[in-house]
Student: 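Attaching a single structure in structure tokens format; questions to follow.
Here the structure is a predicted model, which is why all the values come from computation and not from measurement.
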Amino acid sequence: MTPLPPRAGLLGEAEDFASIGRAVTGAPARACSRAWWIAFAGACGLLGVFAAALAWLLLEGVGVWHNNNPVVWALDIVAYDWWIGIACGALLTSATLRLTGAAWRSGIDRIAETTAILAAAAAALYPIIHLGRPWVFYWTLPYPNTLGLWPQFRSPLVWDAVDIVSFLGVCLGLWYVGLLPDLAALRDRAFEAALAEGRAADAGRGRRRRTTLLKAQVYGILALGWRGAATHWERWLVATRTLSVLALVLVVALQTGASVMLAGTVLPGWHDTLLPVTFLAASLLSGVGVTAALAVLVRRALGLEALITGRHIALMARLMLGLSLASAYCYATEIFSSLLHGDAFDRAVLVRRLAGSHAWAFWIIVVFALLPVQLFWFSRFRRSGLAVALVGIAAAIGSFGDHFMLLIVTLSHDFLPSSAHPYAMGAWGLATLAGSVGLFLALLLLGLRTLPMVSIAETRRFAERHPDGRPSGERAPTLAETAQAPLWGVSAEFDDAGDLAGAVRALKERDYGARIETYGPVPMARAADALGRPAGILPLLALGTALAGGTAFMLMCLYASGIDYVFDVGGRPRFSWQAFMVPSVSFGTLCGGLATVLALLFQNRLPRLNHPAFAIPGFTRASEDRFFLALEAAGPRFDPERIERALARLPQGRPLMVRRVPL
Amino acid sequence: MRQLFAPGADALLRLALLTGAACLAALPVVGAGLVRSSYVTGVGVAPAQPVPFSHKHHSGELKIDCRYCHTTVETQATAGIPPTHTCMTCHTQIWSGSEMLEPVRASYAKDQPLVWTRLNKLPGYVYYNHAVHVTNGIGCSTCHGSVTDMQLTYRANAFEMSFCLDCHRNPEKYVRPKDQILNMSWSPPANQAEIGPELVRQYHIRGGERLTECGICHR
């Protein structure tokens, strides 16, 4: 990853490696404010409402939501679709920006992934709680049971169960892999603080606190011992891109699967081939809207104006504008095609959408999702963080209207006047919805306090080096250098990735009986080239596992529904492979995602909490602004003095410090 | 430089991860084992009864017909638990002073039924009809086991849905000739594969799709 020369307005002018790291790792501490506590108290209040709503739901049953027959899907499925739409939109944004190499993903991708996870967590509760007996939710999963039955794989209930598990798996995988280097930075800053505290205590100032070291160790375990080796970084880049591809496939399969399920029925208002596209466009708009609002929030609350710049916000605004136009086009086409070649029932649904008892839902789409975003034709509004945040939230509200209109208007009145039944939202349904918002907010606020909300590695691509020429560790000789103790190797410290790559190239030419590895705060493409890049089997492995997982799931569905548990559902074919595609694709991506994460960890031999490289003097700065070259003793030809002489004679960029590292 | 973690930390972390993974893997295995165990299903466990009634003695050794006590098994949904009068038909004459039978005599004198602990239970949402089964080739022992060998009566099978479905999916493996219904030691003869389908035809059992309809049992 070479730094992109022009900062292109995507990074503050004065920022360098160290300041980016410190801005992000220091952000959780800055989040600790009165405003945070007030917001957290509010979110916890909503969580209390959620708990009460769920308790009442368990006592009384789903009737408390005022669902009826024919409106069997009401706020529960509306809210589920809405949340999962936001999650899909946000994840799709992050994955697309990474895969297309868009420079401006730097400040956005972590927030988008976090949005996706939190929204998916809120969505994940709905398929469970909307079951009549939620405590037997596992009946929707295939497992060897005493009933001698299989789940009904043609049912969207099973799709939802598989989809949501897969979504959470892939999304968490992408998020966590991206987080590893940042967690390592948090660990190193916390460890530095603990060491400084220890030194101060030794000097008689202040006292040691166990919590400081404990915090470093918690981050250390979460970072799985990430130490920023060049090969690790190369595999990390491949893994994040692989996971992005899987996420892309999953999102498209999930959103179109859910909408094809509706479009596949004959019901007026649903029976439309454009529906999957409408779904995807609307979900993208809501996902980008929430991501933009959160980006503005993170920027303001954590003081990260230099990392999430006005340009990021303006680009999000442009993206929203484009998506809202696409959405508007879809809505207009639906209306137009109903008028042009729809039957009487189709036109009747159209009239009810526009002027029926739930017409407010349609007008919410127009007023919240489609109109406010038009402000972004003017650059003044694109530059205003407040405007972008408000419009983003409005887009999400509009999307809720979309899901409500789609489900309720059609269900409450289809073909027969006799089967029409009015529906009104119940207080407990709304309380459940508010509670799920509370869950989202509470988790988000906890995340703001503990985790880096901006990807340090992505942001550093725009930073140039700021060499101060000072070695990071103390120059005093260590025990290893004086006592002739067994050595692990020799380390050299650089403040520039180019010097590091030059040193690697120079040292590769001769055999020093040592294994060469480099460590740094960003991917070191040139050093990795000189070292020889690791074989890129990760994508192939992911593809293979995804295909195997998807095929296995499909075969299981076919065997269960076509051979082992033949069950006539309205005369549907025994081998309804089309219906099994949705969960099969989802499950395949889950397998691919898990395989990618596990293979990344295995290839990098992580987790490894204690590693000799951590004993390199000043190594905590390997996650900040220093590059380390390590020559690990490997073989009888290893001679530290010879290596030290070679390092002193490097043609370009001498190391700041050369040290022997004990075993 | 000092390390954040001691060298032993990796061993501990690996131990913790492996333990976590093992627990995660063990959870479904243990759960699956538990729901199939006698502790949950009660199979093979003879609970305390007001009188230690022995099917082995009465039905096995003395050869009293099942239907002498379970009178409605061929005509009604339930097989019927005998009233105290049925016991007393004999026990007014024999063992009339037995201490073991004191609760029976008390029940008879007070005209209050004996309260037996129920063994074979089906959930409320399952419709089951004894008459339909025993008049169509399903013998007592297919579900209740070899009752004539039970000194104290216990549940022979956990009546889980898969137990019912085994037969409903493949009735030809379990049907018997009419004269074998009450035979407690019946096991499928060597030529069951030949006579099974023939019996199914004779009993007019419409197997497969008809017998596995939800509404057959869940009405």
Student: Does any backbone or side-chain atom of L4(B) lie under 4.5 Å from a heavy atom of chain A? Answer side chain, backbone, both or neither.
Tutor: both

Student: Indicate yes or no: does E197(A) engage R208(A) in a salt bridge with an N to O separation below 4.0 Å.
Tutor: no

Student: Closest approach of P113(B) and T84(B), non-hydrogen atoms and distance?
Tutor: CA-OG1, 4.3 Å

Student: Might you point out which heavy atoms bring I563(A) and F575(A) nearest each other, and give the distance in Å?
Tutor: CG1-CZ, 4.3 Å

Student: Check the side chains of T142(B) and R176(B) for a donor-acceptor pair under 3.5 angstrom, ignoring hydrogens and angles.
Tutor: yes

Student: Could you list which of residues 150-164 of chain B have a heavy atom closer than 4.5 Å to any heavy atom of chain A, in residue-number order?
Tutor: E160(B), M161(B), S162(B)

Student: Using a heavy-atom cutoff of under 4.5 Å, enumerate the residues of residues 48-74 of chain B that contact chain A, numbered in order, or state 'none'.
Tutor: none

Student: Parallel under 30°, tilted from 30 to 60°, perpendicular over 60°: which one fits the rings of Y138(A) and Y143(A)?
Tutor: perpendicular

Student: Check whether more than 12 heavy atoms from other residues, nucleotides or ligands sit under 6.0 Å from atom NZ of K178(B), and answer yes or no.
Tutor: yes

Student: What are the two closest non-hydrogen atoms of P47(B) and L119(B), and how far apart are they?
Tutor: CD-CD2, 3.4 Å

Student: Shortest non-hydrogen contact from A216(A) to F191(A)?
Tutor: CB-N, 3.7 Å

Student: Taking the six-membered ring for Trp, are Y125(B) and H218(B) parallel (under 30°), tilted (30 to 60°) or perpendicular (over 60°)?
Tutor: tilted

Student: Just to be sure I understand the criterion: a residue of residues 597-608 of chain A counts if one of its heavy atoms is under 4.5 Å from a heavy atom of chain B. Which ones qualify?
Tutor: P607(A), R608(A)

Student: Start with the C-alpha gap between R659(A) and S491(A), add the side-chain angles, then the distance that decides, and say whether side-chain hydrogen bond (donor to acceptor under 3.5 Å, both in side chains) holds.
Tutor: CA-CA 5 Å; R659(A) 299 296 292 267; S491(A) 77; over 6 Å; no

Student: Check the side chains of N183(B) and Q180(B) for a donor-acceptor pair under 3.5 angstrom, ignoring hydrogens and angles.
Tutor: yes

Student: Centroid-to-centroid, F494(A) to F628(A), below 6.0 Å?
Tutor: no

Student: Quick check on N145(A) against chain B: is it the side chain, the backbone, both or neither that has a heavy atom closer than 4.5 Å?
Tutor: backbone

Student: Going by an N to O cut-off under 4.0 Å, is there a salt bridge joining E624(A) and R189(A)?
Tutor: yes

Student: Tabulate, in ascending numerical order, the residues of residues 7-14 of chain B having at least one heavy atom closer than 4.5 Å to a heavy atom of chain A, or enter 'none'.
Tutor: P7(B), A9(B), D10(B), L13(B), R14(B)

Student: Rounded to the nearest 0.5 Å, what's the gap from CZ on F153(A) to CZ on F553(A)? Could you check?
Tutor: 5.0 Å

Student: If you take all heavy atoms of T135(B) and A131(B), which pair is closest and at what distance?
Tutor: OG1-O, 2.5 Å

Student: Identify the heavy atoms of M184(B) and C140(B) that sit nearest to each other, and give their distance.
Tutor: CE-CB, 3.4 Å

Student: Nearest 0.5 Å please: distance from the CZ atom of F619(A) over to the CZ atom of F614(A).
Tutor: 6.0 Å

